2 protein chains.
Amino acid sequence: MSQTVSRAMEIIRFIGPSPRSLGEIAEHIGVHKSTALRLLQTLEQDGFARHLPDGRHTVGFAIIPLAQYAIDQIDIRTLAHPFLQRLAAQQGHTVHLAQLMDDDVIYVDKVDGSGTVAMGSRIGLPAEGHTAGVAKVVLAHLPESVREEAIERLGFQRHTPTTIVTPGAFRRELDLVRQRGWAEDDGEKEDYINCVALPVFDASGRVTIGMSVTALRAVAPLAELREQMPEYRRVAQAISRELGWNGDEHERR
Amino acid sequence: MSQTVSRAMEIIRFIGPSPRSLGEIAEHIGVHKSTALRLLQTLEQDGFARHLPDGRHTVGFAIIPLAQYAIDQIDIRTLAHPFLQRLAAQQGHTVHLAQLMDDDVIYVDKVDGSGTVAMGSRIGLPAEGHTAGVAKVVLAHLPESVREEAIERLGFQRHTPTTIVTPGAFRRELDLVRQRGWAEDDGEKEDYINCVALPVFDASGRVTIGMSVTALRAVAPLAELREQMPEYRRVAQAISRELGWNGDEHERR
DNA sequence: CACAGCCGTTGCAACATATGCAACGGCATC
DNA sequence: GATGCCGTTGCATATGTTGCAACGGCTGTG
């Protein structure tokens with residue numbers, strides 16, 4: 001293991017959220033300022049960090065295309081994409097796939113329907129934990145201790161009158177998700193958009209991926225999406241079988 | 001400068017585009033395999049690299065949120081965003097801002113109009129060089145030698161009957177962009193979407209940023225967007241003045 | 001205006017770590 | 001079964017990283 005490389009990466013993690021001074025960085029990684037400065041100079045030479053005019057240091061743009069490579073290599077995309085495309089074309093609605101990675105449910109694929117819709121979801125970015133259907137469906141199926149930790153991290157910011165804003169109400173929502181087999185976003189992030197989200201099971205019956213169908217409320221309200229649930233369930237299970245799932249959705253780990 | 005950190009970063013750049021074996025990596029950075037392995041082990045411990053089941057190494061997901069931080073800190077967004085929001089609200093069309101970074105014109109902001117539209121543009125991702133309005137308008141205003149190098153890198157893949165697919169035709173298009181002062185995407189990437197793009201000048205009269213207005217052809221065909229050109233030019237110049245531009249758009253470097 | 005304090009930075013010697021070597025086990029090929 | 005190449009590890013040592021001392025610049029205070 002390389003201590004020098006570890007330090008450099010810790011610097012990048014530290015300066016990412018907000019720009020930092022040399023002294024702060026040296027203190028954070030526990031080295032002399034001259035050491036931190038040399039590490040920064042190297043990171044900056046290669047575009048992984050930037051030296052701002054005010055003297056502080058921040059993350060560099062060379063990381064952006066590398067992140068895109070990381071996104072492009074998410075395996076489930078290749079496997080699931082044809083299913084999403086068919087569903088989007090057939091139903092006319094936007095379909096997402098999102099996967100749990102570390103502590104976030106990250107959008108990993110998105111196929112727009114016809115009669116299209118703009119929304120804040122972006123591949124590579126996390127779904128909002130307390131509003132997005134895909135996040136709810138993944139959270140609902142996590143082991144309880146993991147789920148409780150995740151719930152504690154949620155901010156429960158209100159966006160619309162239907163946003164769930166307490167942990168208790170959110171737990172009841174997740175209970176409902178498990179009971180009926182799908183999650184819903186009832187205009188909780190943007191009040192003109194709703195969606196349903198289905199679990200995607202892996203070979204061991206776990207759920208770390210969710211698939212959602214999203215529509216403008218004016219075009220297809222929740223009731224209409226619910227009517228299509230048998231078809232959505234069929235597609236989510238077809239993707240699950242591609243992942244080696246072979247059982248009933250009521251199987252639990 | 002830290003040689004060790006440089007090597008680690010070169011490893012990340014090398015394994016990003018496609019996964020690589022330990023031997024390839026060691027050869028690429030010019031060290032013994034055991035050295036490359038230790039550097040990789042450190043990168044993998046922190047999520048900057050991943051060790052695939054087949055033994056190869058690729059870029060890790062921890063880079064994705066860092067890239068988002070980098071995107072979030074692009075200064076022009078803060079400055080230009082109110083202009084884009086006003087224009088989008090007033091015109092009802094989607095407005096983009098894109099900026100030249102290294103060899104790509106990267107979408108750095110995007111405001112959706114009302115009566116919304118889905119499109120492949122994503123913040124942090126590059127605009128396609130030979131079709132996107134923002135890319136054409138930035139390319140058109142580059143110094144000639146830089147422009148020629150950029151044109152040589154373009155793939156000229158046809159997407160629709162109106163896609164420009166030869167360097168010669170593309171050069172003539174850029175001549176036209178400079179002459180009339182704006183670029184167009186005439187359904188060249190998706191045949192149902194068109195846009196116009198205006199140059200944003202900086203304090204020295206250079207153009208590394210473009211602003212575009214995009215609409216569904218069915219909603220607002222090119223002719224209709226062209227009618228609004230005085231207003232679009234006014235907004236682009238207002239943003240330019242915020243950047244310190246003080247002259248006539250015919251000023252050249 | 002002088003001074004103190006803190007910042008970012010550099011040259012250099014000491015030393016701690018990164019490095020390459022030799023060897024290993026595993027796997028594929030002949 | 002032998003060979004070649006892969007990824008990997010222990011260890012000695014060479015070297016690059018590291019901290020120290022000192023520097024100039026900037027800001028705030030008296």
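Lettering of chains follows the sequences in order, A, B, ..., and the numbering in each one begins at 1. When reading the values below, keep in mind they use all heavy atoms of this one structure, side chains included, and skip hydrogens, waters and symmetry mates. These numbers were taken from a predicted model, which means no experiment stands behind them.
Dashed line: the shortest gap from a side-chain N or O of A/Thr35 to OP1 or OP2 of D/dG19 is under 4.0 Å. Proximity of A/Thr4 to the phosphate of D/dT18: a side-chain N or O atom is located under 4.0 Å from OP1 or OP2.
Following rounding to the nearest Å, B/Leu39 (CG) and C/dT17 (C1') show an atom-to-atom distance of 12 Å. When the P atom of D/dC6 is taken as reference, atom CG of B/Leu40 falls 15 Å away, rounded to whole Å. A straight line from CD1 of B/Ile29 to C1' of C/dA18 spans 12 Å, rounded to a whole angstrom. Put simply, NE2 on A/His51 is 11 Å from C1' on C/dC7, counting in whole angstrom units. Computed from coordinates, the B/Glu24 CD to D/dC5 P distance equals 15 Å when rounded to whole Å. With rounding to whole Å, A/Arg7 atom CZ is found 8 Å from D/dT18 atom C1'. Distance CD (A/Gln3) to C1' (D/dT18): 10 Å, rounded to an integer number of Å. Atom CG of B/Leu22 and atom C1' of D/dT8 are 9 Å apart (whole Å).
Two residues, A/Gly23 and A/Ser2, neighbour DNA chain C, and the one matched to the more 5' nucleotide by heavy-atom proximity is A/Gly23.
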For nucleotides 9-12 of chain D, list the nitrogen or oxygen atoms of the protein found under 3.5 Å from its nitrogen or oxygen atoms, one pair per line.
| unit_1 | atom_1 | unit_2 | atom_2 | d |
| --- | --- | --- | --- | --- |
| D/dT9 | OP2 | B/Gln41 | NE2 | 3.3 |
| D/dG10 | O6 | B/Arg38 | NH2 | 3.3 |
| D/dC11 | N4 | B/Arg38 | NH2 | 3.3 |

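The local environment of CD in A/Glu27 is sparse, with at most 12 non-hydrogen atoms from other residues, nucleotides or ligands closer than 6.0 Å.
With 3.5 Å as the limit, one finds a donor-acceptor pair spanning the side chains of B/His57 and B/Glu44. Between the side chains of A/His159 and A/Glu128, at least one donor-acceptor pair of N or O atoms lies under 3.5 Å.
Judged by the 6.0 Å distance and 45° axis criteria, B/Arg206 is not positioned over the aromatic ring of B/Phe201. Judged by the 6.0 Å and 45° rule, A/Arg86 forms a cation-pi pair with A/Phe83.
Contact check on B/Arg13 versus B/Glu10 returns a salt bridge, with a Lys/Arg side-chain nitrogen under 4.0 Å from an Asp/Glu carboxylate oxygen.
For B/Asp104 (side chain) and B/Ile106 (main-chain N/O), no donor-acceptor pair under 3.5 Å exists by modelled atom type.
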